[in-house]
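Residue numbering restarts at 1 for every chain, and letters A, B, ... go by the order of the sequence lines. Worth knowing before you read on, the calculation uses all heavy atoms, side chains too, and leaves out hydrogens, waters and symmetry mates.
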Amino acid sequence: MKRSLIRELLAADSAGAEVLVRGWVRTRRDSREVSFLELNDGSSFRNIQVIVGHTLPGQADIQRLSTGCSVEVTGTLVDSPAKGQRFEIRASGVYVYGWADGEKYPLQKKQHSFEFLREIAHLRPRTNTFGAVLRVRNALSCAIHDFFQSRGFIYVHTPIITASDAEGAGEMFRVSTLDPLDPPRTAGQVDYSRDFFGAKTGLTVSGQLEGELLACAMGAVYTFGPTFRAENSNTTRHLAEFWMVEPEVAFAELPDDIALAEDFLKHIFRACLDKCPEDMDFFNTRIQPGVIRTLEDIVNSSFEVITYTQAVDLLKKSGESFEFPVEWGSDLQSEHERYLTEKKFMRPVVVTDYPKEIKAFYMRMGDDGRTVRAMDVLVPRIGEIIGGSEREYRLDVLVERMKSMKLDPDDLWWYLDIRRYGTVPHAGFGLGFERAMQFITGMQNIRDVIPFPRTPGNAGF
RNA sequence: UCCCCUGUAGCUCAGUCGGUAGAGCAAGUGGCUGUUAACCACUGGGUCGCAAGUUCGAGUCUUGCCGGGGGAGCCA
C-alpha cells in the first residue's frame, strides 16, 4: 500500500479509504476499549488521531508506545465520532520502528522553553513550533525564488570562499590550510602566499560585489545562500552563519531598488500566509498575537519612504526621550528605528540617503555631496530587515571614495573594471533571510528560526 | 565586547532571618474513561553549575570561573 502523508489525509474529501501512514507518536491516551495515538509525520502542523482497539494483536507493544516512538499504521480513514477532528484512522495494524524510552526521551507532552530546546537541537524539529518554523522556512525559500523567477531574474551563485578583504561588511572567518602552530613566515608575518589559495582567504560576508559583476552582464540577478560574519554579536537578531538574499539589477536606480524591495517583501509575506495557514495560525495565537494581521496590513498598504534627514527631523520633534541623542551624521539607533516603525508610522519604513560617512564605499554619491543613495527597510520588532543602495558606477568618483576611506583600489581592480568598460547605473539590496523569518513568524530569537544556529561559542549539532 | 538578570528533580519554578530541600508538570504503577492540555490515586527521582572563602552550620552571604537569558554596539 502506498504511504499517505498526514497532510493529505486531513484534507481528504471523504472517509473510507484504506491508508498507510508513518510518523512519530506525539501522545498516547488510553480508554476502556481503545487507545488514542496522536501521530505526526512533519507534513502538517496537525496530527492525525489513530484509534487502536484493544482487541488488536500486539497489545503489550501498543501499551508501551510513548512520545517519540516511530510507527507505521495501516487502517481505515473514518469519520471521527468525537469533536476535535474530522477524520481519524481506525488501525488494523501498528508496526513499531523504534522505541523512545519515556524516562529518558527529553521531549515531553508539555511545553518546553526555547532555551531548553536549543540544548536539544537534534530533537527540537519534532516539536510543534519547530515543525511550523521549518515549513514556513521552506515556503519562504520557495517564495523568494518564485518572485525573482517570475520577473526574469537569473539565479546566480557567488563564492563562499573569497580573497577579497574589502567588502567592509564585517569580520571574516579565516579559511586556511596552514599549520596554525607553525605557519610559514616572511619577515615575521604569516606568508599567506603559501596558503592553499595563495592568498589570505575567508568565508564570504556578502556576495554583493560579485553579484554586481554578474548583473552587469545578465541584467538582473539574485543570490540566495549562506553568509558568515565573525562578529562577536550576542543578540536575538544576529547569527555567525545566516542566509542572505541579494538581488542586483543593472540600469536600476534607487527608486527602482525601493520599489523592488517593497514588492518583494509583500510577495513573500503573502506566500507564507497562503501556503502555511495552519502554521501561521499557530504563530498568530501562541507566539506573537496579531502577527497575521500585521502581515496582511503590510501586504495591503504602501511603505513609508523618508530620507535620513527627514527621519532625523521627525525624531527630534517627536518629544521622545531617547537614550542616545539624535544628531544628523550619526547612525540611527535601535530605539530610533523602533520609534519610526512602531510608534510614528506603525508599518515598514524605508529610510534613504544616509550621510556618506556612515555607509559603505560602493554606494552612489548623492548630488549634494553629503549623502549616498542608500536605503534601509525597517520593520517593527526587528529593525533593519533589508539594506541596499544604488551603486557608484562612475569610476573617478568611486576611486576617490575608496581612497578617502583608506581602501586600496588595486585590491578591487576587477570591481573597478566593471566601471571602466560599459559601466551602467545599478542597484541592489540584501535581505537577511532569518530576520524575515523572525518577522513572519513572530519568533523572538533568531536562533529559533534556523535549525542549527551558529553564534559565538556555539557550533554544536 | 560592554551593562543587567539568572543557574535548585527530566522540564518550569518556589525555597522567608544562614539550621543539609518542596510544588506543578513529565515519567513509572494502578484505576476510570471515545480520549484529545484527559482525569484520579500512589511511587521513584537531587553532588542545589564548579571551586574557594566566611561561619558551629551555606541552596541562602562573599570572591573567582563556567553556562544560560535580556539589552546595547556591529549589522542582515
Side-chain angles (χ1 to χ4, degrees), chain A residues 26-39 46-54 63-64 66-68 78-85 88 90 100-120 128 167-171 205-208 226-246 261 286 322-324 330-335 337-338 358-360 376-379 382-388 429-439 444-450 455-458 460:
Chain A
R26 284 289 173 82
T27 68
R28 192 198 82 231
R29 294 180 295 272
D30 296 320
S31 183
R32 187 210 300 272
E33 316 249 312
V34 296
S35 290
F36 301 91
L37 300 180
E38 292 286 336
L39 201 65
R46 296 177 61 200
N47 309 319
I48 197 157
Q49 177 164 275
V50 177
I51 314 300
V52 187
H54 287 171
Q63 297 300 313
R64 281 175 61 208
S66 57
T67 304
V78 299
D79 290 311
S80 178
K83 288 180 180 174
Q85 58 281 317
E88 61 191 25
R90 184 158 280 275
D101 185 345
E103 292 193 24
K104 293 177 182 167
Y105 188 59
L107 290 174
Q108 305 163 355
K109 50 179 181 179
K110 55 168 285 192
Q111 286 201 343
H112 294 287
S113 67
F114 292 131
E115 291 82 7
F116 171 67
L117 291 175
R118 269 171 230 149
E119 295 170 5
I120 51 167
N128 279 342
E167 290 171 354
E171 283 297 308
V205 295
S206 165
Q208 181 199 311
T227 307
F228 309 87
R229 303 273 168 93
E231 304 284 347
N232 191 8
S233 297
N234 294 285
T235 78
T236 54
R237 56 192 185 284
H238 288 87
L239 292 166
E241 175 184 296
F242 64 100
W243 287 65
M244 191 148 64
V245 179
E246 295 182 286
R286 295 296 197 84
F322 295 114
E323 186 184 346
F324 295 91
S330 57
D331 211 350
L332 299 181
Q333 304 289 317
S334 289
E335 56 177 342
E337 297 178 352
R338 294 188 75 125
I358 58 174
K359 288 294 181 182
D376 284 356
V377 180
L378 313 177
V379 295
I382 313 294
E384 186 178 346
I385 195 171
I386 278 179
F429 62 78
L431 167 91
F433 182 74
E434 281 76 18
R435 286 199 184 164
M437 278 293 298
Q438 275 186 283
F439 186 66
Q444 299 232 315
N445 197 311
I446 200 167
R447 296 162 203 196
D448 299 327
V449 296
I450 186 169
T455 53
N458 191 343

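If you check every strand for non-hydrogen atoms under 4.0 Å, A:F36 touches a base. Looking at heavy-atom distances under 4.0 Å, A:I382 makes no contact with the nucleic acid at all. Residue-level contact check: A:E88 touches the bases, meaning some heavy atom is under 4.0 Å from a base atom. Residue contacts for A:P106: at a heavy-atom cut-off of 4.0 Å it reaches no nucleic acid atom on any strand shown. Counting any heavy atom pair closer than 4.0 Å across all strands shown, A:E434 reaches no nucleic acid atom. Counting any heavy atom pair closer than 4.0 Å across all strands shown, A:I385 reaches sugar-phosphate atoms only and no base atom.
The one candidate from A:R26, A:Q111, A:R286 that meets the side chain to side chain donor-acceptor pair (under 3.5 Å) condition with A:N128 is A:R26.
Judged purely by atom type and a 3.5 angstrom limit, A:S233 has no side-chain atom pairing as donor or acceptor with the backbone of A:T235. A donor-acceptor distance shorter than 3.5 angstrom exists from the side chain of A:R229 to the backbone of A:V205, with no hydrogens or angles considered. Counting only distance, with no hydrogens or angles, the side chain of A:E171 and the backbone of A:N232 share no donor-acceptor pair below 3.5 Å. Proximity of a side-chain donor or acceptor of A:S31 to a complementary backbone N or O of A:V34 within less than 3.5 Å is not detected. With hydrogens and angles disregarded, no donor-acceptor distance shorter than 3.5 Å links the side chain of A:T227 to the backbone of A:G207. Side chain of A:E335 to backbone of A:E323: a donor-acceptor contact under 3.5 angstrom is found. Without hydrogens or angle criteria, A:E88 side chain to A:V78 main chain gives no donor-acceptor distance under 3.5 Å. Formation of a donor-acceptor pair under 3.5 Å by the A:R118 side chain with backbone atoms of A:D448 is not found in this model.
Spacing between B:A26 and B:U12 at atom P, rounded to whole Å, works out to 15 Å. When the C1' atom is used for both B:G64 and B:G46, the distance is 26 Å, rounded to whole Å. Annotation: B:A23 and B:U8 have their C1' atoms spaced 13 Å apart (nearest Å). Distance check on atom P: B:U16 versus B:G59 gives 12 Å, rounded to whole Å. The separation of B:C13 from B:C3, taken at their C1' atoms, amounts to 26 Å, rounded to a whole angstrom. Separating the P atom of B:G73 from that of B:G10 is a span of 39 Å, rounded to the nearest Å. Between B:G70 and B:C65, the distance separating the two P atoms is 23 Å to the nearest Å. Separating the C1' atom of B:C11 from that of B:A51 is a span of 28 Å, rounded to the nearest Å.
One cannot find a donor-acceptor pair under 3.5 Å joining the base of B:G70 and the side-chain atoms of A:R237. Within 3.5 Å, a donor on the side chain of A:Q49 pairs with an acceptor on the base of B:U35, or the reverse. Side-chain to base pairing of A:H112 with B:C11: no donor and acceptor N or O lie closer than 3.5 Å to each other.
Between the P atom of B:C74 and the CZ atom of A:R435 lies a distance of 12 Å, rounded to the nearest Å. With rounding to whole Å, A:F114 atom CZ is found 17 Å from B:C11 atom P. The interatomic distance linking A:M437 (CE) with B:A76 (C1') rounds to 15 Å, in whole Å. At whole-Å resolution of the value, CD1 in A:I446 and C1' in B:G70 are 16 Å apart. Rounded to a whole Å, the CD atom of A:Q111 is 12 Å from the P atom of B:U12. If you measure from atom CD of A:E119 to atom P of B:G67, you get 13 Å, rounded to the nearest angstrom. Nucleotide B:C40 holds its P atom 16 Å from the CZ atom of A:R29, rounded to whole Å. Taking atom CD on A:Q85 and atom C1' on B:U35, their separation rounds to 9 Å, with Å as the unit.
Of the listed nucleotides (B:A76, B:A72, B:G70), B:A76 has the atom at the smallest distance from the side chain of A:R229. Taking only side-chain atoms of A:E115, from C-beta outward, the nucleotide of B:G73, B:G34, B:G68 with the closest atom is B:G68. Candidate nucleotides B:G73, B:G71, B:G34 were compared by shortest atom distance to the side chain of A:S233, and B:G73 ranks first.
Between the side chains of A:S35 and A:D30, at least one donor N or O sits under 3.5 Å from an acceptor N or O. In summary, the side chains of A:T236 and A:Q444 do not present any donor paired with an acceptor at a separation below 3.5 Å, with no hydrogens or angles considered.
Regarding contacts with the backbone of B:G69, a side-chain N or O of A:R447 is found under 4.0 angstrom from either OP1 or OP2. Residue A:Q333 places none of its side-chain N or O atoms closer than 4.0 Å to OP1 or OP2 of B:A72. A sub-4.0 Å separation between OP1 or OP2 of B:A37 and a side-chain N or O of A:T27 is absent. When the side-chain nitrogen and oxygen atoms of A:N234 are compared with OP1 and OP2 of B:G70, none of them lie within a distance under 4.0 Å. Checking the phosphate oxygens (OP1, OP2) of B:G73, no side-chain nitrogen or oxygen of A:T235 falls inside 4.0 Å. The shortest distance between the side-chain N/O atoms of A:S113 and the OP1/OP2 oxygens of B:U12 is below 4.0 Å.
Counting all heavy atoms, side chain and backbone alike, A:H54 lies closest to A:R32 at ND1-O, 3.0 Å. Closest heavy-atom contact between A:R46 and A:G84: NH2-O, 4.3 Å. Taking all atoms of both residues into account, the shortest heavy-atom contact from A:Q85 to A:Q49 is NE2-NE2, 3.5 Å.
In this structure, A:H54 and A:D331 both approach RNA chain B, and ranking their closest nucleotides by distance from the 5' end singles out A:H54. Along RNA chain B, the nucleotide closest to A:N445 and the one closest to A:G432 are compared, and the more 5′ of them pairs with A:N445.
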Can you give the dot-bracket line for RNA chain B, where a pair is Watson-Crick or G-U wobble with both atom distances under 3.5 Å, crossing pairs use [ ], and | marks a partner on another strand? (((((((..((((.....[..)))).(((((.......))))).....(((((..]....))))))))))))....
Can you give one letter per nucleotide of nucleotides 26-32 of chain B, going 5' to 3': B for a protein heavy atom under 4.0 Å from the base, S for sugar-phosphate only, - for none? SSS----
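In this structure, A:F242 counts as stacked on the base of B:A76 under the 5.5 Å centre distance and 30° plane angle limits.
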Determine whether A:F242 and A:I450 satisfy the following criterion, side chain to side chain contact (heavy atoms under 4.5 Å, CB included), listing intermediate values before the conclusion. CA-CA 8 Å; A:F242 64 100; A:I450 186 169; 5.7 Å; no
Name the pairs: protein N/O against N/O of nucleotides 42-47 of chain B, kept only if under 3.5 Å.
none

